[in-house]
Amino acid sequence: MFYRQAGVHHSNYKTDSALFPIPFDKWSIYTMLALGIFAPAIFGSFALTSYLLPWMIWAGAALSLNLLIGWAGQFHFGYAAVMSIGGYTAIHATLAGIPFEIALILAGLMSMVVGVIFGAAAMRVKGLYLALATLAMQFVVDWVLTHVPAIGGGASATLQAPDMTLLGFKITSEVGYYYVAFGWLLLVTLFLLNMRRTGFGRALVAVREKDYAASILGVNSFYFKSVAFAVSSFMGGVSGAILVFCFYHAVTPEQFTVNVSIQLLAMVIVGGLGSIIGSYFGAAFILLLPGALNTLVAYVSELLGLQIGIETLAHLPNLFYGILIIGFLLYEPLGLAKVYDNIRKYLMVWPFGYSKR
Amino acid sequence: MTGAAVQKADDKLLICDNIERYFGGLKALSNISIHVNRGEIFGLVGPNGSGKTTMVNAITGFYPPQSGKIILNGEDITGRKPHLIAKLGVARTFQNLALFKGMSVLDNILLGRHIHMNPSVFGTALYWWVARKHEVKNRKIVEEVIDFLQLQSARDEPVETIPLGLQKRVELARALVAEPSFLVLDEPMAGMNQEEKEYMARFVLDARDEMGMTIFLIEHHMDVVTGICDRMVALSYGELLADGVPKDVIAHPRVVEAYLGGAH
Ligand SMILES: Nc1ncnc2c1ncn2[C@@H]1O[C@H](COP(=O)(O)OP(=O)(O)OP(=O)(O)O)[C@@H](O)[C@H]1O
Ligand SMILES: [Mg+2]
């Protein structure tokens with residue numbers, strides 16, 4: 001009932017294209033934003049670093065991937081590799097004495113270059129082959145990280161992240177890391193929100209939906225798909241750098257294996273293709289899933305007196321990601337975002353459920 | 001039909017010279033030569049499968065002709081990509097609607113402004129300082145066309161949820177907002193009832209008279225074409241049967257034969 005659309009009339013195109021034309025949406029966003037800003041004061045250190053921080057980082061990465069899949073309609077099965085390039089670039093750059101801000105940009109650019117090279121190759125083929133070309137990127141990057149010591153630091157090596165200084169602030173505390181991740185997520189979110197109301201976003205969707213119809217409107221589909229690969233890879237690279245600097249504080253190839261790519265895909269698809277709030281949901285869901293699953297399995301096996309090996313336990317989440325991806329693609333391509341939207345629509349007319357909207 | 005009368009007779013916007021197009025062994029267009037004068041409504045008729053859509057696909061760059069030349073505004077555009085042809089001021093609608101599902105009617109029509117907007121990543125990132133003023137300016141033009149085609153009530157609906165007749169109008173709106181100098185309509189009245197057809201005919205005439213567009217109109221039904229076209233041609237099995245003013249073309253023995261001999 002707070003949600004009422006009635007009485008909201010826009011009398012110019014500027015307010016009509018505001019990010020959140022409905023006041024309730026606007027206020028709930030402000031509340032969330034305030035919560036995000038004051039989170040370090042509200043939540044304890046454990047919740048902050050074990051839940052909120054990774055959630056922010058992965059939501060940012062999922063959004064970056066969602067731009068490519070949800071908006072431009074190009075699947076990517078090697079997105080963890082895109083992130084790893086950003087992570088490694090940032091580490092090497094800062095170790096070489098380059099300021100962190102610039103290292104972040106370099107991370108994005110490096111991911112962008114490699115991402116676009118593989119993307120351009122991928123775009124020449126369609127469907128399954130596109131999937132394979134992006135998967136190839138994963139394996140090529142994995143191989144380089146483990147076999148080229150100058151980049152990966154040698155087999156099974158770990159590179160420590162040096163101290164970071166951002167915009168003159170030395171960032172060493174948990175709270176500091178949190179704000180860096182939060183700030184990046186904010187930027188990514190704003191960009192995607194803007195994409196919804198600009199010609200750039202519309203062109204991506206048009207190319208995804210019907211490239212021939214887009215072309216006669218003057219939209220060069222190859223160009224826009226390439227730009228989607230470029231922007232998404234850039235954002236993925238920066239997200240990777242943030243993940244390494246703010247969460248892991250070191251980088252190893254295991255952080256960016258094909259499993260991670262699948263998890264990212266699951267975040268995007270379970271959350272909802274082309275949905276911003278969906279990627280927030282998706283990231284939270286996939287991050288919480290392994291823990292919840294382990295608890296559940298432990299409980300069930302206890303109940304039934306079964307012995308389940310550690311090995312099996314470790315692989316269970318992967319099995320679930322697979323099931324979730326296929327299930328959501330088949331039955332609810334709009335993901336958790338759709339579930340949320342249904343609730344929101346319901347509230348919007350409550351208690352007058354019989355009126356349709 | 002005042003529009004064409006004021007034009008100079010030799011002011012040709014489009015010239016198609018000896019166009020040929022095969023699909024495998026099938027000759028969909030054989031040696032078609034036509035021209036369209038600036039400011040006229042030009043009709044293309046023919047029975048099913050006679051090559052009308054193929055002709056349009058050749059002109060707009062989707063299926064370039066295997067031989068022959070297409071000249072627009074004095075420039076040879078044979079084999080050029082559709083998105084580049086669009087930038088020369090050509091817009092078209094499709095026989096089987098080609099709207100973008102999942103987008104609102106408004107967003108669909110806004111896409112028609114693409115060539116005037118130069119959307120970029122930079123503009124999107126700095127929306128408030130860069131893209132917004134373009135968006136608002138282009139939105140105004142789109143709203144004028146929405147008013148013109150009486151689409152106000154459907155504006156915010158997802159495009160796939162509105163009735164077919166309205167969808168056809170949305171597609172016309174999307175083509176009109178591009179402010180093309182050359183507008184190609186592939187059977188815009190297919191599946192419409194008499195009233196809707198008359199509306200559409202009115203819109204086509206207004207587009208020429210008020211917006212100064214040159215129109216290439218494909219129609220299946222003779223009545224509409226003869227009613228609003230300045231000149232027309234008839235095709236059958238990929239061959240040009242006749243061209244000239246509508247009353248001569250429909251009276252031409254080969255056209256009569258093609259239409260009586262065919263299912264129509
Ligand atoms: N892409 C294609 N591949 C193979 N054959 C095609 C293709 N496009 C058209 N044709 C064939 O070319 C011929 C002309 O088709 P076209 O669509 O141009 O006819 P049309 O005059 O537009 O017919 P309609 O009134 O049904 O729209 C038909 O025999 C058709 O099967
Ligand atoms: Mg046709």
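Chain A is the first sequence line, chain B the second, and so forth, proteins listed ahead of strands; every chain is numbered from 1.
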Task: Main-chain N/O of Gly39(B) paired with Arg208(B) side-chain donor or acceptor, under 3.5 Å - done: yes
- [ ] Return yes if some donor-acceptor pair links the side-chain N/O of Glu20(B) with the main-chain N/O of Gly68(B) below 3.5 Å, else return no.
- [x] no
Open item on the list: Using only non-hydrogen atoms and a strict under-4.5 angstrom cutoff, which residues of residues 77-101 of chain B touch chain A?
Closed with: Pro82(B), His83(B), Ala86(B), Lys87(B), Val90(B), Arg92(B), Phe94(B), Leu97(B), Ala98(B), Leu99(B), Phe100(B), Lys101(B)
Task: Main-chain N/O of Pro64(B) paired to Arg21(B) side chain as donor or acceptor, under 3.5 Å - done: yes
TODO: Give the member of Glu135(B), Glu171(B), Met103(B) that has the highest number of heavy-atom pairs under 4.5 Å with chain A.
DONE: Glu135(B)
Open item on the list: We want to know whether Tyr280(A) and Thr189(A) form a side-chain donor-acceptor pair, criterion being a heavy-atom distance below 3.5 angstrom.
Closed with: yes
TODO: Identify the residues of residues 104-112 of chain A whose heavy atoms come closer than 4.5 Å to a heavy atom of chain B, ordered by number, or report 'none'.
DONE: none
Task: Spatial distance of atom CG (Leu106(B)) from atom CZ (Arg202(A)) [nearest 0.5 Å] - done: 7.5 Å
Open item on the list: Using 0.5 Å steps for rounding, measure from the CZ atom of Arg174(B) to the CG atom of Leu111(B).
Closed with: 7.5 Å
Open item on the list: For a quick test of reading the model, state the closest non-hydrogen atom pair linking Val188(A) to Ser64(A) and the distance between them.
Closed with: CG1-OG, 4.3 Å
Task: Contact winner vs chain A - Asn138(B), Leu126(B), Asn108(B), Asp107(B), heavy-atom pairs under 4.5 Å - done: Asp107(B)
Open item on the list: Using a 6.0 Å distance limit plus a 45 degree cone around the ring axis, check whether Arg197(A) lies over the aromatic ring of Tyr127(B).
Closed with: yes
- [ ] Examine whether an atom of Val227(A) lies under 4.5 Å from a heavy atom of chain B, and if so say whether it belongs to the side chain, the backbone or both; otherwise answer neither.
- [x] side chain
Task: Nearest heavy-atom neighbours spanning Phe224(A) and Leu204(A) - done: O-CD2, 3.5 Å
Open item on the list: Could you check whether Thr134(A) and Tyr79(A), counting side-chain N and O atoms only, form a donor-acceptor pair closer than 3.5 Å?
Closed with: no
Open item on the list: Please output the residues of residues 175-190 of chain B in contact with chain A, using a heavy-atom cutoff of under 4.5 Å, in numerical order.
Closed with: none
Open item on the list: Parallel, tilted or perpendicular: which one describes the rings of Phe62(B) and Tyr212(A), with boundaries at 30° and 60°?
Closed with: perpendicular
Task: Between Phe229(A) and Phe118(A), ring centroids under 6.0 Å - done: no
TODO: State plainly whether the residues Glu219(B) and Lys52(B) are in salt-bridge range, i.e. N to O under 4.0 Å.
DONE: no
Task: Salt-bridge contact Glu144(B)-Lys140(B) (side-chain N to carboxylate O under 4.0 Å) - done: no
Task: Under 3.5 Å: donor-acceptor pair, side chain of Arg155(B), backbone of Ile146(B) - done: no
- [ ] Begin with the C-alpha distance, continue with both residues' side-chain angles, and end with the deciding distance and a verdict on side-chain contact (heavy atoms from CB on, under 4.5 Å) for Val82(A) and Val114(A).
- [x] CA-CA 8 Å; Val82(A) 175; Val114(A) 182; over 6 Å; no
TODO: Give a yes or no on whether the backbone of Asn37(B) and the side-chain of Glu40(B) come within a donor-acceptor separation of less than 3.5 Å.
DONE: yes
TODO: Heavy-atom pairs under 4.5 Å with chain B are the metric here; pick the option from Ala203(A), Gly274(A), Ala230(A), Gly199(A) that has the most.
DONE: Gly199(A)
TODO: Using a heavy-atom cutoff of under 4.5 Å, enumerate the residues of residues 112-120 of chain B that contact chain A, numbered in order, or state 'none'.
DONE: Gly112(B), His114(B), Ile115(B), Met117(B), Pro119(B), Ser120(B)
Task: Audit row: Val136(B), Arg132(B), side-chain contact (heavy atoms from CB on, under 4.5 Å) steps and yes/no - done: CA-CA 6 Å; Val136(B) 169; Arg132(B) 180 156 74 188; 4.2 Å; yes
